[in-house]
Structures are given as C-alpha cells and as structure tokens.
Amino acid sequence: MSDIKEKIALLSHAELFKPCGKEMVEQLAEFCSLYKVSKGETVFRKGDPGNSLYIVKSGEISVIQNTESRQENEIARYSNGDFFGEVDMLMNTQRNAEARAAEDSEILRFPREDKTLQDFLHASPPVGAELLRLFMQTAAARIRSANALLKENSPWVQEIRAQVYRDKLTGLYNRTFLEEQLPAYLRNPEEPVSLMMMKADNFKFINDNFGHDAGDQALVVIGTALLQHIPANSAVVVRFMGNEIACLFPGTNREAALEHAQSIRSFYNSLDMSAITKDKPFNFTVSIGIAVFPDHAKNSEELIACAHELPLLGRYRGGNKILFPEDK
C-alpha cells in the first residue's frame with residue numbers, strides 16, 4: 001500500500017474522522033506524515049507546543065505526567081486507531097504531559113512537521129470549518145468520558161474523587177460516596193454486608209457549651225481516632241451528615257457486626273475530649289443502628305434507610321444503645 005493510501009485508510013477508520021467524506025479525508029492526508037517511533041522514544045514533551053494531533057497505526061503510546069516528587073505517572077495509553085493531542089492543538093496550548101512510545105509503534109501526525117493547522121484552514125476554508133466542528137464535538141465528548149480516558153491512578157482522577165467523595169472537615173468519605181458506591185458492595189447476595197450508623201447522643205452538649213467550632217473539632221477527633229480504632233481495611237468510614245458517622249463492613253454478618261458495634265460504643269465512651277471541653281468532665285454516649293444485607297434490605301437505598309433511622313430511636317430509649325431493624 002502506498003504512503004498516501006495508508007494515510008487515507010488510517011484517517012478513514014479513526015473515530016475522529018469517520019464523519020468526513022472521501023474528498024475531505026484525501027485533503028487531510030496531504031497534510032499528514034506517517035512515521036515510526038521506537039520503544040521509549042518521545043513523541044512530544046511537556047512544554048512543547050500543541051500544534052498537532054496523532055493517530056496510532058500500530059503499537060502503543062503512553063502519556064506520562066511527573067508528580068511533585070518527580071515520579072512518573074502514566075495517565076493514559078493509546079493503541080491502534082486511537083488519537084490524542086487534539087485538544088492542545090485546538091486550544092493552541094503547550095503540552096502538559098509527555099507522550100512516549102510504550103513499544104515500537106507507527107503513528108500518523110496531522111498536520112505534518114512543516115505545516116500548521118492554520119495552513120490547512122487557509123488552503124480549504126469550507127473543509128477547515130467542518131474539521132474545527134468535529135474537533136469541538138470530540139473535545140466535548142472526551143471531557144464527558146474523562147474517566148474512560150484516564151487511568152484510575154491519575155492525579156487528576158484522584159483529585160476529582162477527593163473533591164467529590166471526601167468530607168472537607170474530617171477527610172472521611174462523605175454521603176455522596178456511600179450513596180453512589182454502596183451498590184457495588186451489594187452485588188453478591190451470598191455475601192453479607194453490614195452498615196452501621198452512629199450518632200453521639202450528647203453531641204449537642206459540645207455545641208451548646210463550647211461553640212460550633214468546638215463541635216467541628218470534636219468531629220475531626222472522632223473521625224481520626226475511629227480510623228485508628230477500626231482494624232485496617234476492614235471497614236469504610238463515612239461522615240454521613242452532621243455528627244452521624246457510618247461504617248460499612250463488607251463480608252460481615254450480624255454477629256460480627258454486633259461485636260464491632262460494641263467495640264465502637266466503648267471507643268466513643270472512653271474518647272478523651274478534654275482538649276475541647278477545657279478539661280471539664282465529659283464522655284460521649286452513642287447510639288448505633290445496624291442493618292445487614294441481604295437480611296434487612298435488598299438494595300443500597302433500603303440498607304441506608306434501615307440503619308439511618310435507628311440511632312435517634314436509641315437516643316430516645318435512653319442512649320448508648322445498639323439496635324437492629326427488628327428492635328424497633
């Protein structure tokens with residue numbers, strides 16, 4: 001296959017250019033170059049001008065970003081037929097990461113080294129206008145599907161997850177995390193999952209006597225100490241709302257959950273709050289509600305609802321109670 005035919009074939013099958021007609025693809029091919037890169041060879045570096053896009057004909061291209069500690073972090077990988085670099089080209093911005101061949105590869109570049117996007121737009125204004133429209137559509141689609149394009153260990157993804165799923169005050173997971181991620185823990189009805197909801201019965205005493213800032217400090221102390229108290233990797237700890245804390249115990253049945261709850265109750269009762277209460281005697285009591293999947297609920301919404309209503313009932317009954325749904 002001749003060089004120009006290879007370019008036309010590659011452009012025609014790339015998702016970005018599929019809507020283009022034959023004439024447009026042929027014009028694009030004239031402005032492309034096809035070349036090989038060896039494993040480890042750099043396609044572009046951070047800070048390079050974003051003046052082109054690339055399509056992978058064969059092999060794999062890795063996009064690397066350095067962390068603050070100068071460790072390399074792969075944030076995306078492209079293989080046969082994938083394209084990359086188009087957003088920087090469209091926005092005329094510098095590259096914010098490095099692209100490198102993960103193995104011996106062959107890639108197509110548009111526009112080629114001796115041409116610019118402006119050259120193409122001037123050469124054929126109608127085709128150029130259509131091309132810009134396709135670029136903008138593609139950029140919007142890529143933003144919507146960013147998680148599919150970026151690896152889960154990308155700093156960008158981690159930052160987004162931290163913003164969405166972490167409580168800013170305590171650093172614990174938040175209600176959004178529990179409501180969105182709980183269904184994934186309940187996929188196997190043969191494996192029990194216990195959800196605990198707990199509220200300090202006398203938390204209002206802190207707010208009323210020492211102020212809401214002291215209440216915030218108390219929540220930080222509770223969250224930090226609770227993470228240390230619960231065995232590592234055995235539970236997910238969530239600030240559900242206000243001073244209500246949730247603990248999710250995957251693979252934990254009723255009996256084991258009750259043991260965890262009794263331990264957590266003792267933890268609350270003995271928690272040292274003297275730094276916040278200015279050495280005035282104070283001890284928390286706590287009421288805990290436990291709901292177990294699939295015994296008490298068949299889905300995540302039911303499980304949360306079952307556990308959430310129990311701590312208030314425990315406080316109403318005198319406090320420091322551990323209740324299951326059947327105890328209502």
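Position 1 is the first residue of the sequence, and the numbers go up from there.
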S263 and H229 side chains, donor-acceptor separation under 3.5 Å: yes
More than 12 heavy atoms of other groups within 6.0 Å of R317 CZ: yes
Candidate pair E72 and I64, rule side-chain contact (heavy atoms from CB on, under 4.5 Å), full reasoning: CA-CA 6 Å; E72 290 190 345; I64 306 293; 3.7 Å; yes
Test item: side-chain donor near acceptor, S62 and E74, under 3.5 Å: yes
Side chain proximity check, L323 to I290, heavy atoms < 4.5 angstrom: no
Member of T224, N243, L172 meeting the side chain to side chain contact (heavy atoms under 4.5 Å, CB included) criterion with L219: N243
Short side-chain donor-acceptor distance under 3.5 Å, Y173 and Q181: no
Heavy-atom check, side chain of Q217 versus side chain of V221, under 4.5 Å: no
Straight-line distance of L108 CG to C32 SG, nearest 0.5 Å: 4.0 Å
Side chains of D82 and S79 in contact at under 4.5 Å (non-hydrogen atoms): yes
S12 vs K18 side-chain heavy atoms within contact, under 4.5 Å: no
Taking every non-hydrogen atom, the tightest pair across F249 and I230: CE2-CG2, 4.2 Å
Least distance between heavy atoms, V43 atom then Y35 atom: CG1-OH, 4.1 Å
Between S266 and N269: side-chain donor-acceptor atoms closer than 3.5 Å: no
Non-hydrogen side-chain atoms of I288 and M197 separated by less than 4.5 Å: no
Presence of salt bridge, D208 and K204, under 4.0 angstrom: yes
Side-chain H-bond candidate by donor/acceptor type, E179 with S300, under 3.5 Å: no
Derivation and outcome, salt bridge (charged side-chain N to carboxylate O under 4.0 Å, His left out), residues D48 and R95: CA-CA 5 Å; D48 284 353; R95 305 295 186 187; over 6 Å; no
Closest contact, heavy atoms only, I206 versus A218: CG2-CB, 4.5 Å
Validation row, ring centre F120 to ring centre F110 under 6.0 Å: yes
Atom CD of E23: over 12 foreign heavy atoms under 6.0 Å: no
Heavy atoms from other residues, nucleotides or ligands near OH of Y316 exceed 12 (cutoff 6.0 Å): no
Joint hydrophobic cluster, L312 plus L303, side-chain heavy atoms closer than 4.5 Å: no
Min side-chain heavy-atom separation D88-N51 under 4.5 Å: no
D201 side chain to N320 side chain, donor-acceptor N/O pair below 3.5 angstrom: no
Euclidean distance, I245 CD1 relative to M241 CE, rounded to 0.5 Å: 12.0 Å
Ring centers of F83, Y54 separated by less than 6.0 Å: no
Derivation and outcome, salt bridge (charged side-chain N to carboxylate O under 4.0 Å, His left out), residues K298 and E302: CA-CA 7 Å; K298 304 304 180 186; E302 290 178 3; over 6 Å; no
Residue that, paired with L271, satisfies side chain to side chain contact (heavy atoms under 4.5 Å, CB included) out of L226, V286, I222: I222
salt_bridge(E309, K328) N-O dist < 4.0 Å: yes
Heavy-atom side-chain proximity of I61 to S105 below 4.5 angstrom: yes
